[in-house]
2 protein chains.
Amino acid sequence: MAGPPAERPLPLNPDEEALVRALGQVMHVLPRTIDGDMIADRQLPLTEYTALMNLSEAPDRRMRMHELASLCHLSLSGMTRTIIRLETQGLVKRERCEEDARGWNAVLTDAGFARLEESWPSHLAAVRRRFLQHFDGFDLAQLARAFRSAGTTD
Amino acid sequence: MAGPPAERPLPLNPDEEALVRALGQVMHVLPRTIDGDMIADRQLPLTEYTALMNLSEAPDRRMRMHELASLCHLSLSGMTRTIIRLETQGLVKRERCEEDARGWNAVLTDAGFARLEESWPSHLAAVRRRFLQHFDGFDLAQLARAFRSAGTTD
DNA sequence: CCCATTTGCTTGACCAAGCAACAACCGGCT
DNA sequence: AGCCGGTTGTTGCTTGGTCAAGCAAATGGG
């Protein structure tokens, strides 16, 4: 990545420029908009929804902090703090991990599952309306591959 | 956005699901990666680079806080603080706006311009490598349109 | 078996950024 | 002239990120 101070590479062409700007916009606007929708609609911030959702899909509705953090795109400390918030609301509880007593499992409670059940349609609608809707004619699978390749630490 | 508690809409199909997950990943990883590249390479965080860049393209290298914030995809308060950081480094100065005494102009200094000159190739390289490269076969203009439509507050 | 190292998670400090409440100021209306 | 709604920035609080330190459990070499 490093190099001599001042090369003079070719600047972006207009299409590249437009795409980069538009992506910047989306990255800024989209999470906030969806979070706003969720809060307005179900009083459940996107981060907490995401945690509940990933837990609900895990076997036995439980997961180690490390794995959950990575699925939620959160740092481990951010995950800890999120789980603490959810725990105080009774939506999640923590249990020591049996096969490795250093570890903890975040476990979805029944209340947490109910909260999720009542919230996912709202999340789904937001995702459709704020994002997917705008990619109607596109080859989504191909797009997904490109994004995945841009998102995996190259 | 609001509705009765528990509708049962169709879930996302696998391609939609994959795209949403991949975008989540990118939104999380990309800014941090590029920011990391810029810091490693030029000790200039992405946010500060973006501010300098937008200022440099403005007439007289000056801009009102409001407009600069919007171009940088930053809240006004975030912009205030960024400009304060840049000001303490001597890269920007603030001047009262003459035609409106509430307003301020952020003005790029010569030092700021020099900093930008020395940094933009690094930014450009990061954007190419971390993002554009992964969209080789795509119709970038069409993509840009879709992203713009998803990014404008619907 | 014991001690050093590593691993999994928590915690605290510090920073960046968003939102909401605020202050200063403009401009139009009466 | 004086007020009032809207605009422009700034500040206080919360969330989240990184980094470093701490602690408890696990692992491995002597």
Side-chain angles (χ1 to χ4, degrees), chain A residues 24-25 27-40 43-51 62-89 92-107 153, chain B residues 24-25 27-40 43-51 62-89 92-107 153:
Chain A
Q25 175 95 334
M27 292 195 308
H28 180 252
V29 162
L30 203 60
R32 267 168 267 292
T33 310
I34 294 180
D35 187 56
D37 288 346
M38 298 282 304
I39 291 176
Q43 288 69 262
L44 186 62
L46 180 55
T47 303
E48 303 184 7
Y49 172 83
T50 307
R62 73 184 49 224
M63 214 183 292
R64 298 285 291 269
M65 297 300 290
H66 177 76
E67 193 184 352
L68 185 54
S70 127
L71 288 177
C72 293
H73 305 306
L74 268 170
S75 69
L76 199 45
S77 60
M79 196 72 247
T80 295
R81 288 155 182 154
T82 301
I83 288 296
I84 289 174
R85 276 195 310 273
L86 289 170
E87 206 176 17
T88 67
Q89 301 173 57
V92 153
K93 61 181 188 292
R94 272 186 289 187
E95 293 177 358
R96 279 223 104 95
C97 178
E98 303 192 347
E99 56 276 8
D100 184 342
R102 287 170 299 184
W104 292 84
N105 281 303
V107 188
T153 315
Chain B
Q25 176 94 336
M27 292 194 309
H28 181 252
V29 160
L30 202 60
R32 267 172 264 292
T33 310
I34 294 180
D35 186 56
D37 289 346
M38 298 282 303
I39 291 176
Q43 287 70 259
L44 185 62
L46 180 54
T47 303
E48 302 183 8
Y49 172 82
T50 307
R62 76 182 48 224
M63 214 183 294
R64 298 286 291 268
M65 297 299 290
H66 177 76
E67 192 184 353
L68 186 54
S70 126
L71 289 177
C72 293
H73 304 307
L74 227 54
S75 69
L76 203 43
S77 63
M79 196 72 249
T80 295
R81 284 155 181 154
T82 301
I83 288 298
I84 289 175
R85 271 187 323 263
L86 289 169
E87 205 176 18
T88 67
Q89 300 173 57
V92 154
K93 60 181 189 289
R94 271 189 291 188
E95 292 177 359
R96 277 222 105 94
C97 178
E98 304 192 346
E99 57 275 11
D100 184 342
R102 290 168 299 184
W104 292 83
N105 281 301
V107 188
T153 315

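Quick note on labels: first sequence line is chain A, next is B, and so on, each numbered from 1. For clarity, every value in this text was computed on a predicted model and none was experimentally measured.
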Would the number of heavy atoms belonging to other residues, nucleotides or ligands and lying under 6.0 Å from NE2 of B:His66 be above 12?
-> no
Ranking B:Thr80 and A:Met79 by the position along DNA chain D of their nearest nucleotide, the one closer to 5' is B:Thr80
Of the candidates C:dA17, D:dT18, D:dT10, the side chain of B:Arg32 sits closest to D:dT18
With heavy atoms under 4.0 Å as the rule, sort A:His28 into base, sugar-phosphate or nothing.
-> sugar-phosphate
Steps toward side chain to side chain contact (heavy atoms under 4.5 Å, CB included) verdict (A:Thr82, A:Thr50) | CA-CA 10 Å; A:Thr82 301; A:Thr50 307; over 6 Å; no
Winner on side-chain proximity to B:Asp100, out of D:dG9, C:dA17, C:dC26, is C:dC26
Find which nucleotide of DNA chain D each of A:Arg102 and A:Ser77 is nearest to by heavy atoms, and output the residue with the more 5' nucleotide.
-> A:Ser77
Please tell me if the side chains of B:Arg94 and B:Val107 come closer than 4.5 Å, counting only heavy atoms from C-beta onward.
-> no
Interatomic spacing from CH2 in A:Trp104 to CZ in A:Arg96 - rounded to 0.5 Å = 4.5 Å
Is the base of D:dG9 touched by the side chain of B:Arg64 through a donor-acceptor pair closer than 3.5 angstrom?
-> no
Nearest listed nucleotide, side chain of B:Met65, among C:dC9, D:dG17, D:dG9 | D:dG9
Side chain of B:Arg81 only, please: which of C:dC19, D:dG16, D:dG9 is the nearest?
-> C:dC19
Give B:Arg94 one of three labels, base, sugar-phosphate or nothing, depending on what nucleic acid heavy atoms sit under 4.0 Å from its own.
-> sugar-phosphate
A:Ser75, nearest nucleotide to its side chain (from D:dG17, C:dG18, C:dG8) | D:dG17
